[in-house]
Every structure is written in C-alpha cells, then in structure tokens.
Amino acid sequence: MKRLAFSLIAGAVTLALTACNGDDGAKGPQGAQGEQGAAGQNGVDGTNGSNGQDGANGQNGADGQNGVDGKNGGAGLVRIATVPSGAEVTGLYLTEKGDLFFNVQHPADSNTVEKDGKTFNKGTVGVLTGVDFNNLPNNIVNSPVPATEQEQQTVISAIGQYQVLGQTGDVFSELGAKGVSGGLGVHYGINSKEEIIKNDNPDFNGFIATSDNEGYLFTNWESYPGGMSRLKMSKDTKGKWSVTEAMMVNFDGVQGTAANCFGSVSPWGTPLTSEEWIVNSKVDTTTDASWNDPANTRTDGIEALVAPDFPNPYRYGYIAEVKNPTSASPDVVKHFTIGRYEHENSVVMPDRRTVYSSQDDTGGVLFKFIADQPEDLSSGTLYGAKLKQDEGLNDPAVTGFDIEWVELASGSNANIETWVAQYDNITTADYVAGKTSYISMADVQAWADGKATYPTEAEGGSPVTAGKPMDDRVAFLESRQAARLKGATAEWRKLEGISINHDRVLEAVTGQDVIAGEIVDKAYMYIGIADIDNTMIDGEGDIQLSSRVKDCGGVYRAAIDNNYNLTRIEPVVMGGTYRSSLTGAERCDVNQLSQPDNVIVMRDGRIIIGEDGFQENNTLWLYDPRSK
C-alpha cells in the first residue's frame, strides 16, 4: 500500500510540471527495491532420450567347485535274498563276470519243502543266475520277509534265480570217475581212512576262472576236522552252471585242517582258507584242562583225524594257501607266519605283500602281516592293531578308532615249523596235573618283557623251552596273548569277514583308472562284527562302547593309506534292537542287520552282507555306504 501511494504522488507532480512547460526539476532519489515476486511454476518435463546401444558381453567367471555328491535315491539296506530256516548266509563271492555265489550253511533238518527239486535240510552251495552283479541297478525292490512255509524253508531272492550246485554228501555219480568219492563235505581219518563227519557247514567260496564261462569253485567246509571242495564248472548262454568235475582237496600233507571258515583268493589266483577253531592249548585260562589232559573231552574230531597219533595243537589255527589250484593235485601250505588264532578271514592288498586277518573270538585282535617278497607269504613280519577310541563318544553308530600298529616279530614258515615240531610227540602220558606241556602264560610274559631266557618249570615255564634262550615262537604260536602283552588291542568280539575290492583300492592308491570310469580317490576295507558285546562293552581297555546294539552287530570300514596301511576304523551301518511287547526281551529288528558275518565289496562301492543272526530266516543284504 505504501509503495502505491508514492507512485500516485510522483505522477501528479510530473503532470503539473509538464503542463507549465517549465524547466525540468532535479532528479529525485531512486525508490527502494521492491520485494521479489513469487516463483513461477515448473516447466513441463522434456521427453526421454532414445536408449544407447548395448555394451559388449563381459568374460565368463571362473568355474565354481563341484558340489558334494548327492545321496543315492533310497538306497539303504535292500534285502536281496533270504535263506531257509536254521541256516546262515555264508560263502559270498562275486566274480569278475558278476556271478554271485553264496551258501546255505547248517539249515534245519526239519525243512521238507522242495524248490526246483531240492530240499534245503543240508549244507548247500549255490549261485544267483540270470543277473550281473557288477551292473546292478539302484532300484531293486526288497525281497519279502518270509511268511509262508514255502518261503521259510527255501531260498527266496529279489533278483536272479538261486541255483543249487551241490549239497553235503553229493558224489556227482553222473560224472563217473570225475565225481567225488564219499561226497562233498565228507572227511576221513588221515591214517585210518575211516569217515569222521559229513560236514553240513559250507562256508567260503572262491572262483578261479580258466576262460570266460568256465573255472573252478573252491568251497570251505567248516567243522572239526574241516576241508575244502573243488568243483570244475561251466556256464551256458542262459547263465546256468553245470558241474563237470568234483573233488575234495587233500590236506593230509599238513595233517588236515580245523574248521575252514571264510577265506579269499589272492591277487595271484590262489585260494586262502582260514582255520577258525584253533585246537586250544588252554594258554588263555588256568581253569580249563590242558590239551593233553586225559580228562579233556574237547578234542572233537581232530583226535580221530590223526589217530593213532595224538594231535599237536600247534598244527592248527592258520591261513592255508592252495597252490597250483587248477592242477590235478593242488599243493597246500600252512602259513605259520600270519599267526595262530581263530582266523575268520584274510585279505591280501594290491601290493601283494600286505595281509590283514581277523580273529573271530571274544577278546580278539586285528592282525597285519607284511611279507618280505610279493606273492610269497612264507616269510615276513606280524603286527597287531592298537586302537584309540574317539574321545567323548561311545555309541557304536558314530564312534570310530584311530589305529597304530604294534610290531610283534619276524619269521619264516621253515623256522616256525621247527618250533611247532617240538610239540609233535607230546601225548596224554606227558600230562602233569597243575602244569602245561605247551607254551605257558609265564613264557608269553617273559617274551613280552624281553627276557633273555624262558622261565624254568619252577617259574611256570613249559618243559619244552624251560631255561632255554628266548626266541619268537610265542608271537606265532600264541599270537593273541603275545599281541595283548605287547600293547595291541585284544578286545574285539566276533571280528568276522573282512573284504576289499581289489581294483577300487588299487585306483585309490595309484590313481590309475583300473575299473574304467571315474577314478576312486578313497578306498576302504570293510569289516563285519557279529556281536558288539562282552569285551567291547565292558567299560575297560581300548574299546568302551555302549550296549545299544549289542548282539545285533554292525559293519565297519577301515581307511587305507598310500602304503596299504589301515589308519582308522569307523562305523558304516549298525543293527538295531527293539523290545518285544510279548516277552519284554530285546531282539534284533528283522528289517535291520542281525549279526553280519561275510562282507564283500562291489566294483561300484556297494557292499553285500551275509547274516549269521537270530532271525528265523537270515538275510543277504545289499547296502550303499553313500546313502548314509
């Protein structure tokens, strides 16, 4: 308002002066700056410019690391087959051509049902036909738990057809002179030539091929005395086998064998048979009678085997190698070098020198032998495994053990047999009450303590060695006690079958593509434990596991390093228990492992497990460790 008033006054004065035509007056002062006007509105946005051209593609980034292998789809335990009532599954052997052999050991006498013209009431050797186990699919459906009488008394399989090759007592009369006199599994006295036993316990099988579809099947017969049969066989285009020759291998040259249990075929093609039941010299106890005590009635069939001679206990309990196995008369050698104990099985590594052996007993030891020369087990060094249990763990499903090896002694078959022979002429007439005619615990202790001489008889020593210079016979003739006193772990309970896949181990150690395909970078030896019981769960020593799976057992694996040395043992799959609602007793679940015995490893890394358990019908399982 003030600004407008000043403007009107100035206009009037100017008009008046103009009208008078007078001189211009002096210029007045400049008016004050007016206030700034309000800001105008923003203009309208301009249109977007056109897109520029795409830039050049950048370089590809570096490849990422491979992801962890996925689990095998649903491949846990698969029930491949079941055996008849009363029997255990034995003799697992997988050939290069994918043929799977297995046996029906000691089936029930009461089995009467026939299948394919055979009744399963005696020991049976057989094979699954019509299937290649080296190219087995992943989607096999479980064979059922036997329910009917037909299923319970015969072999039922999820894949392939079980073909019976021979049974206890079979003579193969259709082969004439090429049959077996006396029959499969029948054993005779070495001197008397009289029949001692019809052995109903076929165990280990080992096949030695002579061509693509022909070869020799060696089968252990596990009893006192024991033995081994050999069947020459050929396979037709449909996969069915025919026996063309049959014989029992002659073990008379090594004074017979005791309870030929499981075994293996060496990398150089010779069967290795295991004597499981040692003729007990009673070194482990002070209460049992000595072997030559006239009151001892536990000599079983071994006394009849060598009668009228008295058996030397140190002649039994070893690994025996069948040399020249395809000749008319194979040669048998007992390897005293690998030690005397209850051998379940032995496995030779691809270096053809390192041998692992399991002891099937309570308080057993895992042994290692390294031969001086490849393919020659007649001399070398014996070791026992010392275990260190994972700290803070005791559940069998997760608890592993690190391994150290305790050296016991070096020796040769020739030297050890000179020690064995010193006990040949001991009889019941030499027995003295309260003493032993054989190696005593005092002898073992003196050896372990590094004494220069054996103890005298007054000090508890054996009359054979009393006061004589110390030697290493203790390590080879009483191997379990020698290993224990040297610090090895003597606490396994029923350390059963051990197995490797030769080619997988060779690939892992050498890096060579042996199998054809992806090279295996880790390999293991697999171990069956029928019982995780007794010395494994007593809370003492190196193995202190819980009793959660106890009698059901499980399967372990041992890592193999670049020197074919076992460095660590860890669990793979365990049996499982449940409490019966009827009796309240704990039982092994029929759908889980029940006392695994034999274990073999397939080319693809899966394992096949045979049971020696409590079930009405024991199972042949397939398991993929990658499903764990």
Side-chain angles (χ1 to χ4, degrees), residues 79-94 99-129 131 133 143-146 148-170 172 183-186 197-207 217-223 226-229 231 233 240-241 243 246 259-263 496-497 528 530 594-600 608-622:
R79 185 179 290 103
I80 292 294
T82 54
V83 293
S85 177
E88 63 177 279
V89 183
T90 60
L92 304 185
Y93 190 85
L94 183 58
D99 300 292
L100 180 65
F101 294 94
F102 71 91
N103 301 332
V104 176
Q105 188 181 87
H106 59 64
D109 294 338
S110 57
N111 293 337
T112 58
V113 173
E114 285 191 8
K115 185 176 183 180
D116 299 328
K118 300 293 183 180
T119 303
F120 294 92
N121 54 12
K122 50 188 173 181
T124 303
V125 180
V127 60
L128 279 178
T129 64
V131 59
F133 270 78
S143 180
V145 176
T148 68
E149 185 177 68
Q150 173 76 24
E151 293 169 344
Q152 291 173 341
Q153 294 190 18
T154 59
V155 176
I156 303 297
S157 61
I159 189 168
Q161 299 291 321
Y162 188 72
Q163 179 188 352
V164 174
L165 301 171
Q167 294 184 303
T168 300
D170 283 357
F172 300 93
L184 289 183
V186 180
I197 185 176
K198 277 189 172 65
N199 192 332
D200 210 29
N201 298 282
D203 205 306
F204 160 71
N205 287 309
F207 187 77
L217 181 69
F218 290 82
T219 302
N220 279 348
W221 295 83
E222 182 188 4
S223 191
M228 175 180 273
S229 61
L231 302 178
M233 305 190 307
K240 187 174 182 180
W241 291 87
V243 176
N260 300 65
C261 192
F262 207 62
E496 299 277 4
S594 176
Q595 296 207 313
D597 193 325
N598 299 178
V599 182
I600 59 172
I608 302 174
I609 308 165
E611 284 185 342
D612 174 15
F614 302 109
Q615 310 298 352
E616 174 71 21
N617 298 94
N618 282 311
T619 293
L620 178 69
W621 295 104
L622 177 69

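Position 1 is the first residue of the sequence, and the numbers go up from there.
- Looking only at side-chain heavy atoms (C-beta outward), I80 and F133 come within less than 4.5 Å of each other.
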Kindly indicate, with the supporting measurements, whether the criterion side-chain hydrogen bond (donor to acceptor under 3.5 Å, both in side chains) is fulfilled by D200 and T168.
CA-CA 6 Å; D200 210 29; T168 300; 3.3 Å; yes

List the steps and the verdict of side-chain hydrogen bond (donor to acceptor under 3.5 Å, both in side chains) for S85 and Q153.
CA-CA 6 Å; S85 177; Q153 294 190 18; over 6 Å; no

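- At least one donor-acceptor pair closer than 3.5 Å links the side chain of E611 to the backbone N or O of S594.
- Side-chain rings of Y162 and F102 approach one another, their centers coming within less than 6.0 Å.
- Checking side-chain atoms of N111 against main-chain N and O of F120 turns up a donor-acceptor pair under 3.5 Å.
- Residues L620 and V89 come closest through the heavy atom pair CD1-CG1, 4.0 Å.
- Contact between N201 and S223 at its shortest, heavy atoms only, is ND2-CB, 4.4 Å.
- With hydrogens and angles disregarded, no donor-acceptor distance shorter than 3.5 Å links the side chain of E616 to the backbone of P146.
- A heavy-atom distance below 4.5 Å is found between the side chains of P84 and V104.
- With N103 as reference, N205 is the one residue of T219, N205, T124 to meet the side chain to side chain donor-acceptor pair (under 3.5 Å) rule.
- Dense packing is recorded around CD of Q163, with more than 12 heavy atoms of other residues, nucleotides or ligands lying under 6.0 Å away.
- Taking each heavy atom of L92 and G610 in turn, the nearest pair found is CD1-N, 3.6 Å.
- Within the 3.5 Å criterion, the main-chain N or O of G613 finds a donor-acceptor partner in the side chain of N618.
- Of the inter-residue distances, the one linking T129 atom OG1 with Q161 atom CD reads 6.0 Å to the nearest 0.5 angstrom.
- Partners of T148 according to the side-chain contact (heavy atoms from CB on, under 4.5 Å) rule, which considers only residues two or more places apart in sequence or in another chain, are Q150, E151.
- In this structure, CZ in F204 is found 5.5 Å from CE in M228, a value given to the nearest 0.5 Å.
- In this structure, F262 CZ and Y93 OH are separated by 10.0 Å, a value rounded to the nearest 0.5 Å.
- Separation of atoms CG (N260) and OG (S229) is listed at 10.0 Å; rounding is to 0.5 Å.
- Distance check, rounded to the nearest 0.5 Å: OG of S143 to CZ of R79 gives 7.0 Å.
- Annotation for L100 and I600: closest pair CD1-CD1, 3.8 Å, computed over non-hydrogen atoms.
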Between W241 and D99, does the side chain to side chain contact (heavy atoms under 4.5 Å, CB included) criterion hold? Intermediate values first, please.
CA-CA 11 Å; W241 291 87; D99 300 292; 3.7 Å; yes

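- The closest donor-acceptor contact from the side chain of N617 to the backbone of Q152 lies under 3.5 Å.
- The minimum heavy-atom distance linking G166 with F172 is given by the pair CA-CZ, 4.1 Å.
- Around atom CD of E114, more than 12 heavy atoms belonging to other residues, nucleotides or ligands sit under 6.0 Å away.
- Here the side chain of D203 pairs no donor or acceptor atom with the backbone of T90 at under 3.5 angstrom.
- Residues L217 and V127 fail the side-chain proximity criterion, which asks for heavy atoms closer than 4.5 Å.
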For L184 and W221, what are the C-alpha separation, side-chain angles and deciding distance, and is it a side chain to side chain contact (heavy atoms under 4.5 Å, CB included)?
CA-CA 9 Å; L184 289 183; W221 295 83; 3.8 Å; yes

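- Panel note: side chain Q105, backbone P202; a donor-acceptor pair is recorded below 3.5 Å.
- Environment of NZ in K115: crowded, with over 12 heavy atoms of neighbouring residues, nucleotides or ligands closer than 6.0 Å.
- Among all heavy-atom pairs drawn from G91 and N598, the shortest one is N-OD1, 2.8 Å.
- Here the side chain of D612 pairs no donor or acceptor atom with the backbone of Q595 at under 3.5 angstrom.
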